[in-house]
Amino acid sequence: DGLARLVVDLSVAELKVAQAAFEKLGYRVSHAAGFKRAAIRQFQEDHDLTVDGIVGTATLSTLQRVMDSRNKGAGSGAVVAAGGAETTAGLGAELDPALSWLGPVLLGGGILWGLWLAWQYRDAIAAAIKPRFPRLARKLWSI
């Protein structure tokens with residue numbers, strides 16, 4: 001039946017991750033140059049997609065959702081998302097534990113920066129909210 005048409009830009013690594021996800025679901029799509037059209041059509045038919053043999057955003061998004069629901073609570077991993085970027089889903093590729101602190105630090109820094117900006121512009125904020133919240137505006141001006 002030939003190869004499916006790939007309409008999203010995937011790296012070789014992302015292609016292999018997507019092929020592994022299809023294979024894990026029981027679809028024999030793997031081919032050195034891409035995906036087998038018959039297997040992609042079967043996946044599309046099984047998941048109420050347009051059966052066209054084209055691997056695009058809808059097919060990859062559905063693959064992502066199926067893998068997410070199948071692996072719910074079973075650790076994290078990577079499946080190719082619609083745009084070609086890797087996202088967490090369930091194929092076993094763990095995130096680097098050394099970077100687990102980065103998210104909370106960035107969030108905390110963003111909150112502190114926002115509070116600093118609010119402090120710096122408290123008079124302008126008070127003037128802007130005075131018509132609706134006069135008591136809060138007076139409180140801001142008093143600080």
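We count residues from 1, following the sequence as given.
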**Student:** Identify whether Phe133 and Leu140 are in the same connected component of the hydrophobic contact network (ILVMFWY, side-chain heavy atoms under 4.5 Å).
**Tutor:**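 Result: yes, single cluster for both.
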
**Student:** Within the distance-only criterion (no hydrogens, no angle test), does the side chain of Gln44 pair as donor or acceptor with the backbone N or O of Asp52 below 3.5 angstrom?
**Tutor:**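 Checking the backbone N and O of Asp52 against the side chain of Gln44, a donor-acceptor pair under 3.5 Å is found.
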
**Student:** Could you state whether Ile54 and Val8 fall into the same hydrophobic cluster, counting links through intermediate Ile, Leu, Val, Met, Phe, Trp or Tyr residues with side-chain heavy atoms under 4.5 angstrom apart?
**Tutor:**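 Each belongs to a different hydrophobic cluster.
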
**Student:** Do Pro134 and Arg138 come close enough that some side-chain heavy atom pair is under 4.5 Å?
**Tutor:**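 A side-chain contact under 4.5 Å exists here.
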
**Student:** Say whether, by atom type as modelled, one donor and one acceptor occur between the side chain of Gln19 and the main chain of Phe35 under 3.5 angstrom.
**Tutor:**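 Judged by distance alone, no pair lies under 3.5 Å.
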
**Student:** How far does CG of Leu117 sit from CG of Leu112, to the nearest 0.5 angstrom?
**Tutor:**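 Output value for this atom pair is 11.5 Å.
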
**Student:** With clusters defined by side-chain heavy atoms of hydrophobic residues (ILVMFWY) lying less than 4.5 Å apart, directly or transitively, does Leu136 cluster with Ile125?
**Tutor:**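 Yes, Ile125 connects to Leu136 through the hydrophobic network.
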
**Student:** Between Ser61 and Ala58 (side chain of the first, backbone of the second, donor and acceptor by atom type, cut-off under 3.5 Å), is there such a pair?
**Tutor:**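 It does not hold such a pair.
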
**Student:** Spell out, yes or no, whether Leu107 and Trp113 are grouped together once hydrophobic residues are joined by side-chain heavy atoms under 4.5 Å, including indirect joins.
**Tutor:**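 Hydrophobic grouping puts Leu107 apart from Trp113.
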
**Student:** Which pair of heavy atoms, one from Lys139 and one from Ser142, lies closest together, and at what distance?
**Tutor:**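 That closest heavy-atom pairing would be O-OG, 2.7 Å.
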
**Student:** At what distance, to the nearest 0.5 angstrom, does CZ of Arg65 lie from CG of Leu60?
**Tutor:**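 Reported to 0.5 Å precision, the distance equals 11.0 Å.
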
**Student:** Would you say that Phe22 contacts Thr59 through its side chain, given a criterion of any heavy-atom pair below 4.5 Å between the two side chains?
**Tutor:**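 A side-chain contact exists here, since the closest heavy-atom pair is under 4.5 Å.
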
**Student:** Let me confirm one number: the NE2-CD distance from His47 to Gln42, rounded to the nearest 0.5 Å.
**Tutor:**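 Atom-to-atom, His47:NE2 and Gln42:CD are 10.0 Å apart.
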
**Student:** Looking at Val7 and Arg5, what are the two nearest heavy atoms and their distance?
**Tutor:**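 Closest pair (atom of Val7, atom of Arg5, distance): CG1-NH2, 3.6 Å.
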
**Student:** Between the side chain of Arg37 and the main-chain N/O of Ala4, is any donor-acceptor distance below 3.5 Å?
**Tutor:**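 Absent.
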
**Student:** How many angstroms lie between atom CZ of Arg70 and atom CG of Leu63, to the nearest 0.5 angstrom?
**Tutor:**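 Between atom CZ of Arg70 and atom CG of Leu63 there are 11.0 Å.
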
**Student:** Is the closest side-chain heavy-atom distance between Tyr27 and Asp46 below 4.5 Å?
**Tutor:**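 Contact flag for Tyr27/Asp46 side chains = yes.
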
**Student:** Does the side chain of Arg122 reach to within under 4.5 Å of the side chain of Trp119, using non-hydrogen atoms?
**Tutor:**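 Counting from C-beta outward, Arg122 and Trp119 do come under 4.5 Å.
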
